[in-house]
Engineer: 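Structure below; questions to follow.
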Amino acid sequence: MASTSSFDVVSKVDRQEVDNALNQAAKEVSQRYDFKNVGASITWSGETIVMVANSAERVKAILDVFQSKLVRRGISLKALELSDDGEPKASGKEFRLVASLKEGLSQEIAKTLTKLVRDEGPKGVKAQIHGDELRVSGKSRDALQETIALLKGADVDAALQFVNYR
């Protein structure tokens with residue numbers, strides 16, 4: 001009898017890597033000439049990341065620095081969720097941009113992935129939603145490899161990782 005193999009599709013972020021990227025971005029912002037004397041900063045505020053400067057363009061430049069540090073550390077930019085459509089908000093004499101980290105698959109993304117596996121995936125592969133994870137199982141490991149390739153190519157608004165492959 002052939003046993004079934006499976007893997008889980010999750011959307012998790014390594015908090016330590018994000019913290020390291022934020023610290024690198026903060027160091028670069030404090031040292032760069034174009035950010036001198038403009039009150040530019042990037043910090044944690046609870047579970048959110050706050051970027052502050054005296055103009056909207058400089059806040060976007062801080063965001064760009066932070067995003068480059070995230071990419072360099074192997075963190076998908078899909079895991080970063082910007083508030084207010086990514087537009088900095090004026091508060092007094094400074095502009096702020098707040099970002100948060102998205103973790104876990106939402107129900108609609110999980111349903112989209114399940115439908116994709118059912119419609120376009122190899123035969124004999126099943127996907128089930130378990131909370132904020134998606135378990136994909138099938139008899140053939142080759143079919144599961146094809147499914148991973150299919151899901152990697154899927155255009156969803158979440159950073160996908162494939163874990164517990166057995």
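We count residues from 1, following the sequence as given. All heavy atoms count here, side chains included; hydrogens, waters and symmetry mates do not.
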Engineer: If I compare all heavy atoms of Ala40 with all of Phe35, which pair ends up nearest, and what's the gap?
Structural biologist: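 Taking every non-hydrogen atom into account, CB-CD2, 3.9 Å.
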Engineer: Report the residues that fulfil side-chain hydrogen bond (donor to acceptor under 3.5 Å, both in side chains) with Lys115, sequence neighbours left out, ordered by chain and then residue number.
Structural biologist: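 Residues passing side-chain hydrogen bond (donor to acceptor under 3.5 Å, both in side chains) with Lys115: Asp119.
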Engineer: Roughly how far, to the nearest 0.5 Å, is CD1 of Ile49 from OG1 of Thr43?
Structural biologist: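 Going from OG1 on Thr43 over to CD1 on Ile49, the span is 9.5 Å.
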Engineer: Do the side-chain N and O atoms of Gln24 and Asn20 include a donor-acceptor pair separated by under 3.5 angstrom?
Structural biologist: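 No.
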Engineer: Does Ser30 have any side chain to side chain contact (heavy atoms under 4.5 Å, CB included) partners at least two apart in sequence or in another chain, and if so, which?
Structural biologist: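 For Ser30 there are no side chain to side chain contact (heavy atoms under 4.5 Å, CB included) partners, ignoring immediate neighbours.
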Engineer: So, taking the atom named OG in Ser5 and the one named CD in Gln145, what distance separates them when rounded to the nearest 0.5 Å?
Structural biologist: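 If I round to the nearest 0.5 Å, the distance is 10.0 Å.
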Engineer: Going by an N to O cut-off under 4.0 Å, is there a salt bridge joining Glu103 and Arg15?
Structural biologist: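 Salt bridge between Glu103 and Arg15, a charged N being under 4.0 Å from a carboxylate O: no.
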Engineer: Can you confirm whether Trp44 sits close enough to Val18 that some side-chain heavy atom of one is under 4.5 Å from a side-chain heavy atom of the other?
Structural biologist: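 Side-chain contact under 4.5 Å: yes.
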Engineer: Got a second to check how far Thr147's OG1 is from Lys152's NZ, nearest 0.5 Å?
Structural biologist: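 Here the interatomic distance stands at 12.5 Å.
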Engineer: Apply side-chain hydrogen bond (donor to acceptor under 3.5 Å, both in side chains) to Arg118 and list each qualifying residue two or more places apart in sequence or on a separate chain.
Structural biologist: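 With sequence neighbours excluded, Arg118 shows a side-chain hydrogen bond (donor to acceptor under 3.5 Å, both in side chains) to no residue whatsoever.
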Engineer: Inspect the surroundings of CD in Gln31 and state if more than 12 heavy atoms from other residues, nucleotides or ligands are less than 6.0 Å away.
Structural biologist: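 Yes, because the 6.0 Å sphere around CD of Gln31 holds more than 12 heavy atoms from other groups.
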Engineer: Under 4.5 Å side-chain heavy-atom separation, chaining through any Ile, Leu, Val, Met, Phe, Trp or Tyr, what else clusters with Phe7? Say none if it is isolated.
Structural biologist: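 Its cluster partners, ordered by chain and number, are Val9, Leu105, Ile109, Leu113, Leu116, Val117, Val125, Ile129, Leu134, Val136, Leu144, Ile148, Leu150, Leu151, Val156, Leu160, Phe162, Tyr165.
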Engineer: Quick check for you: to the nearest 0.5 Å, what is the distance between Asn54 atom CG and Asn37 atom CG?
Structural biologist: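 Those atoms lie 10.0 Å apart.
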Engineer: Which is it for Lys12 and Glu133 under the side-chain contact (heavy atoms from CB on, under 4.5 Å) test, yes or no, and what are the steps along the way?
Structural biologist: CA-CA 10 Å; Lys12 294 198 179 350; Glu133 296 181 352; 4.0 Å; yes
Engineer: What's the spacing between Lys27 NZ and Leu22 CG if we round to 0.5 Å?
Structural biologist: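 Here the rounded value is 14.0 Å.
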Engineer: Got a sec, which residues hit side-chain hydrogen bond (donor to acceptor under 3.5 Å, both in side chains) with Asp34, two or more places apart in sequence or on another chain?
Structural biologist: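 Partners of Asp34 under the side-chain hydrogen bond (donor to acceptor under 3.5 Å, both in side chains) test: Arg32.
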Engineer: How close do Ala159 and Ser11 get, heavy atom to heavy atom, and via which atoms?
Structural biologist: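 Scanning both residues, the minimum pair turns out to be O-OG, 2.9 Å.
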Engineer: Where the side chain of Thr48 meets the backbone of Val98, is there a donor-acceptor pair that is under 3.5 Å apart?
Structural biologist: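 Checking the backbone N and O of Val98 against the side chain of Thr48, no donor-acceptor pair under 3.5 Å is found.
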Engineer: Write down the atom of Ala25, the atom of Ile42, and the distance for their closest heavy-atom approach.
Structural biologist: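 What the structure gives for the nearest pair is C-CG2, 4.1 Å.
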Engineer: With a sphere of 6.0 Å drawn around NZ of Lys123, does it hold more than 12 non-hydrogen atoms of other residues, nucleotides or ligands?
Structural biologist: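 Counting other residues, nucleotides and ligands, NZ of Lys123 stays at 12 neighbours or fewer.
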Engineer: So how far is it from Asp157 CG to Glu108 CD, rounded to the nearest 0.5 Å?
Structural biologist: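 That separation rounds to 9.5 Å.
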Engineer: Which pairs with one or both residues in residues 61-79 pass salt bridge (Lys or Arg N to Asp or Glu O under 4.0 Å), sequence neighbours excluded?
Structural biologist: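 Qualifying pairs, neighbours excluded: Glu17-Arg73, Glu28-Lys69.
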Engineer: Do Met51 and Lys60 have side chains that approach each other closer than 4.5 Å (heavy atoms only, starting at C-beta)?
Structural biologist: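 Met51 vs Lys60: side chains apart.
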Engineer: Show your reasoning for whether side-chain contact (heavy atoms from CB on, under 4.5 Å) applies to Leu97 and Val50.
Structural biologist: CA-CA 6 Å; Leu97 185 59; Val50 179; over 6 Å; no
Engineer: Please report the C-alpha distance between Arg166 and Ser6 in whole Å, then the side-chain angles of each, then the deciding distance to 0.1 Å, and finally whether the side-chain contact (heavy atoms from CB on, under 4.5 Å) criterion is met.
Structural biologist: CA-CA 6 Å; Arg166 52 177 168 253; Ser6 68; 4.3 Å; yes
Engineer: Within a strict 4.5 Å, meaning less than it, do heavy atoms of the Leu82 and Leu63 side chains meet?
Structural biologist: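 Touching, per the 4.5 Å side-chain cut-off.
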Engineer: Using salt bridge (charged side-chain N to carboxylate O under 4.0 Å, His left out), reason through Lys89 and Glu87 one step at a time and then give a plain yes or no.
Structural biologist: CA-CA 6 Å; Lys89 280 205 150 179; Glu87 290 303 313; over 6 Å; no
Engineer: Which heavy-atom pair separates Pro88 from Ala56 by the least distance, and what is that distance?
Structural biologist: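 So the minimum-distance heavy-atom pair works out to CG-O, 3.8 Å.
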Engineer: If you look at every heavy atom in Leu70 and Ala21, which pair is closest and at what distance?
Structural biologist: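 Heavy-atom minimum between the residues: CD2-CB, 3.8 Å.
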Engineer: State, yes or no, whether a side-chain contact exists between Leu80 and Phe66 at a heavy-atom distance under 4.5 Å.
Structural biologist: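 Side-chain contact under 4.5 Å: yes.
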